[in-house]
Colleague: 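Take this structure, written in structure tokens, and hold onto it; I'll ask about it next.
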Amino acid sequence: MSEKEAAGELPQWRPPKGSWASSAANRRSMLGNRNRDTAPELLLRSLVHAAGLRYRVAAKPLPKMRRTADMVFRPVKVAVFIDGCFWHACPEHFVMPKTNRPYWEDKIGRNVQRDRDTDDRLSEAGWLVLRFWEHLDPETCARTVVDAVTTRRQEAAALKGRGKPTLPSGGEGRGAAVS
């Protein structure tokens with residue numbers, strides 16, 4: 001509480017209609033949270049980039065999916081998510097807020113449910129989903145990402161080398177079915 005609020009010079013804070021915030025400070029803090037480019041994401045991206053891999057940032061793995069992965073390797077179908085301990089209910093660090101508890105139970109529960117649904121939908125579409133907690137060692141996470149992408153690239157190259165049918169180059173095969 002500021003000096004002016006304590007002295008009664010300012011009106012008491014009231015949350016905007018429909019707001020979940022329990023205080024003005026809480027509202028400012030929550031509005032300041034980033035949904036991309038967090039410190040753990042930037043560190044992981046830097047390490048993966050330094051290993052020579054290129055990727056899309058904050059991209060939709062599937063065009064019709066209204067969800068984005070933190071890093072997307074489309075050609076090999078690898079989606080990487082760096083989950084915050086609070087927002088995704090880390091079993092090691094998550095502590096349910098005491099204020100406005102029913103709101104947070106519902107909110108965090110929906111986040112976790114959406115994470116599982118995203119994992120299922122991507123897996124069904126042939127994607128490898130890699131999820132890391134923000135507190136994990138970034139170098140270990142980066143090595144996991146690099147290994148997964150490299151393995152998938154090698155598997156794709158091996159399939160291509162086995163004589164799997166491909167379309168002719170030069171465009172003459174457009175629209176033709178390949179069996």
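For the single chain, residues carry numbers from 1 onward in sequence order.
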Colleague: Is a donor on one side and an acceptor on the other found under 3.5 Å between the side chain of Glu41 and the backbone of Asp37?
Modeller: yes
Colleague: How far does CG of Asn111 sit from OG1 of Thr118, to the nearest 0.5 angstrom?
Modeller: 10.5 Å
Colleague: Flag yes if more than 12 heavy atoms outside Glu105 fall under 6.0 Å of its CD atom; otherwise flag no.
Modeller: yes
Colleague: Output all residues satisfying salt bridge (charged side-chain N to carboxylate O under 4.0 Å, His left out) with Arg143, sequence neighbours left out; order by chain, then residue number.
Modeller: Asp147
Colleague: Test of understanding: clusters of I, L, V, M, F, W, Y form through side-chain heavy atoms closer than 4.5 Å, transitively. Do Val76 and Val72 belong to the same one?
Modeller: no
Colleague: Please name all residues satisfying ring-ring contact (aromatic ring centres under 6.0 Å, His included) with Tyr55, sequence neighbours left out, ordered by chain then number.
Modeller: Phe73
Colleague: The test is side-chain contact (heavy atoms from CB on, under 4.5 Å); show your working for Val57 and Asp70 and say whether it passes.
Modeller: CA-CA 6 Å; Val57 174; Asp70 297 312; over 6 Å; no
Colleague: Would you list the atom pairs, donor with acceptor, under 3.5 Å between side chains in residues 125-135 and any protein atom, with sequence neighbours excluded?
Modeller:
from   : atom 1 : to     : atom 2 : distance (Å)
Arg131 : NE     : Asp119 : OD1    : 2.8
Arg131 : NE     : Asp119 : OD2    : 3.3
Arg131 : NH1    : Asp83  : OD1    : 3.0
Arg131 : NH1    : Asp83  : OD2    : 3.0
Arg131 : NH2    : Asp119 : OD1    : 3.2
Glu134 : OE2    : Cys85  : N      : 3.0
His135 : ND1    : His93  : ND1    : 3.2

Colleague: For Arg67, which residues count as a salt bridge (charged side-chain N to carboxylate O under 4.0 Å, His left out) partner, sequence neighbours excluded?
Modeller: Asp117
Colleague: Specify the closest pair of heavy atoms between Lys60 and Arg74, including all atoms of both residues, with the distance to one decimal.
Modeller: O-NH2, 2.8 Å
Colleague: Looking at NE2 of His49 and CG of Leu44, how far apart are the two atoms once the value is rounded to the nearest 0.5 Å?
Modeller: 13.0 Å
Colleague: With rounding to the nearest 0.5 angstrom, report the CD to CD1 distance, Gln113 to Ile108.
Modeller: 13.0 Å
Colleague: Can you list everything that forms a side-chain hydrogen bond (donor to acceptor under 3.5 Å, both in side chains) with Arg153? Sequence neighbours excluded, please.
Modeller: none
Colleague: What is the minimum heavy-atom distance between Arg152 and Lys77, and which atoms define it?
Modeller: NH1-O, 3.0 Å
Colleague: Which atoms form the tightest heavy-atom contact between Leu136 and Cys141, and what is the distance?
Modeller: CB-SG, 3.8 Å
Colleague: Without swapping roles, check the side chain of Ser46 against the backbone of Leu42 for a donor-acceptor pair under 3.5 Å.
Modeller: no
Colleague: Considering only heavy atoms from C-beta outward, does the side chain of Leu122 approach that of Phe81 to under 4.5 Å?
Modeller: yes
Colleague: Assess whether side-chain contact (heavy atoms from CB on, under 4.5 Å) is satisfied between Phe94 and Met96, documenting all intermediate values.
Modeller: CA-CA 6 Å; Phe94 177 71; Met96 185 63 70; 3.6 Å; yes
Colleague: Closest approach of Pro61 and Ala59, non-hydrogen atoms and distance?
Modeller: CD-O, 3.3 Å
Colleague: Quick one: salt bridge (charged side-chain N to carboxylate O under 4.0 Å, His left out) partners of Asp137, sequence neighbours excluded?
Modeller: none
Colleague: Which atom names give the shortest non-hydrogen contact between Ala142 and Leu47, and what distance separates them?
Modeller: CB-CB, 3.6 Å
Colleague: Return the CZ to CH2 distance between Phe86 and Trp104, rounded to the nearest 0.5 Å.
Modeller: 4.5 Å
Colleague: Rounded to the nearest 0.5 Å, what separates atom NE2 in His88 from atom CZ in Arg114?
Modeller: 8.0 Å
Colleague: For residues Trp87 and Ile82: do they belong to one hydrophobic cluster (side chain heavy atoms under 4.5 Å, members Ile, Leu, Val, Met, Phe, Trp, Tyr)?
Modeller: no
